[in-house]
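Presented below is the structure to which this report refers.
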Amino acid sequence: MKQITIEGGHILSGEIKISGAKNSAVALVPASLLSDEIITIDNIPNISDIDALNEILSYLGAKVTRNNETMTIDSSNIINKKIPENISKKLRASYYFMGALLGKYKHVEMYFPGGCSIGARPINLHLKAFALLGAKIEEKDNLFIIDAQELKGNHIYFDVPSVGATINVLLAACKAEGITILENAAKEPEIVNVATFLNNMGAKITGAGTSTIKIKGVKKLGKCFMEVIPDRIEAGTYVIAGALMGNNLTIKNVIPEHIESLTLKLKEMGCPIKIGEDYITISACSNLKPISVKTQGYPGFPTDLQQPLTTLLVTANGRSTLEENIYENRFQNVPYLNKMGADIEIDKRKIYINGPKELNGTLVKATDLRAGACLVLAGLKANGKTTITEVEHVLRGYENIIAKLTNVGAKITLEEI
Ligand code: EPZ
């Protein structure tokens with residue numbers, strides 16, 4: 001097991017460069033197998049989720065080479081066989097192999113995906129879409145066998161705008177017969193990144209980034225080169241670190257409009273923030289105003305920044321409210337923040353953060369990826385030493401987090417225990 005130890009109170013200044021977006025890269029890598037030729041993807045983050053996906057690709061017989069952030073994938077000799085549970089369980093995004101293998105071979109056998117314990121995380125919308133495209137779905141002891149004589153375009157409507165299900169429709173429908181219209185699609189930037197990737201291979205997708213996407217099936221998908229967009233959630237996490245402990249901390253390689261919902265909220269709190277073309281510079285300040293935030297799908301306030309923002313709200317002068325509308329169990333960080341000295345009440349989907357409170361270092365645990373990020377931020381701010389156990393959760397989504405924070409002045413170490 002790995003743990004992170006942080007000596008709090010150190011000012012952060014200098015530059016942090018943002019890596020490629022985890023939630024885009026974890027879709028682009030499985031999507032590569034839809035091509036019959038070699039695919040090159042640049043700006044891939046070096047995180048354990050990508051390693052897990054490469055394990056699945058290699059298990060299927062794809063040839064994967066990695067040169068720093070550049071990955072090439074040759075799927076010409078893939079054998080479409082059942083993906084074992086022990087590897088598909090490692091991450092939620094393994095479900096993109098459902099859409100990709102179904103889209104290419106009209107058949108896929110794999111187990112229910114893994115993922116953080118932040119809610120039930122069903123895949124009913126994914127399966128509903130596959131069935132509407134003509135697939136027959138059997139499920140036995142968490143093993144899904146999805147099979148189609150042929151895949152035909154259809155009119156699909158999502159009850160909730162699901163990011164994963166939206167991307168899986170792109171993967172399953174891009175080689176289907178005819179036209180697919182997807183209504184109430186999610187609009188996240190990662191979806192646009194995947195649609196552009198598929199179009200570069202020769203797919204015909206329009207409307208990605210809006211709530212209605214049209215996919216005209218094509219026969220063949222060829223080679224292409226694609227760059228992963230910057231990770232807006234990693235960027236937001238470090239911007240919040242700057243609001244807590246920064247002295248002109250600059251977060252580089254950012255697409256500012258991707259985190260506008262956060263930066264507007266930070267301005268509302270009174271944070272001194274400068275927004276450049278591809279960077280954000282931010283400093284800490286003491287008298288922050290309390291705010292109220294509701295998480296929503298893009299372009300609303302992202303659920304993935306709800307837990308990191310909670311740490312900042314602990315320091316605000318008054319009572320803030322945070323409403324989590326996407327997941328039913330995304331407040332597991334709260335008891336640990338309270339153990340550090342925060343005063344946060346949970347009431348169903350809402351938390352009330354009574355500030356300002358001092359945080360004191362102690363032993364805490366990362367329960368999920370973004371809860372872990374929240375506790376790293378708390379450790380940077382806290383008096384004394386904070387130890388965070390089970391940080392494998394954090395390393396899944398934050399490339400080189402120890403080096404990135406150390407380089408701007410944090411006293412942070414990673415230990416194997
Ligand atoms: C993606 O998860 C991200 N993960 C999540 O990031 C992110 O929080 C989420 O989108 C929302 O933005 C990846 O991209 C790998 P959803 P996903 O389908 O696709 C319900 C992180 O921290 N739903 O948009 O699984 C679901 O339960 C992770 O990086 C159904 O009901 O999320 C949730 O309440 C955490 N049925 C809501 O929709 C379905 O078939 C949104 O989920 C699918 C989803």
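In listed order, ligands and their atoms are each counted from 1.
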Handout entry: Distance-only polar pair, side chains of T295 and E324, donor-acceptor under 3.5 Å
Key =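 Yes, side-chain donor-acceptor contact under 3.5 Å.
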Exercise for the section: For E415 and T413, test the side chains for any donor-to-acceptor distance below 3.5 angstrom and give the result as yes or no. Expected result: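 Yes, T413 and E415 have a side-chain donor paired with an acceptor closer than 3.5 Å.
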Exercise for the section: Sequence neighbours left out, what passes side chain to side chain contact (heavy atoms under 4.5 Å, CB included) with P189? Give chain and number order. Expected result: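 I229, R232, H258, Y298.
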Problem - Residue list, side chain to side chain contact (heavy atoms under 4.5 Å, CB included) with E55, at least two apart or on another chain - result: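 Scan of E55 (side chain to side chain contact (heavy atoms under 4.5 Å, CB included), adjacent residues dropped) gives I87, K90.
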Exercise for the section: Output the set of protein residues with a heavy-atom contact under 4.0 Å to ligand 1, ordered first by chain identifier and then by residue number. Expected result: K22, N23, V26, R92, Y95, I118, R121, P122, I123, N124, L125, H126, V160, S162, V163, G164, T303, D304, I326, Y327, R330, L369, R370
Handout entry: All side chain to side chain donor-acceptor pair (under 3.5 Å) counterparts of Y279, not counting sequence neighbours
Key =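 By the side chain to side chain donor-acceptor pair (under 3.5 Å) rule, Y279 matches K274.
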Exercise for the section: Would you check if H393 and R370 make a side-chain contact, meaning some heavy-atom pair closer than 4.5 Å? Expected result: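 No, every pair of side-chain atoms sits at 4.5 Å or beyond.
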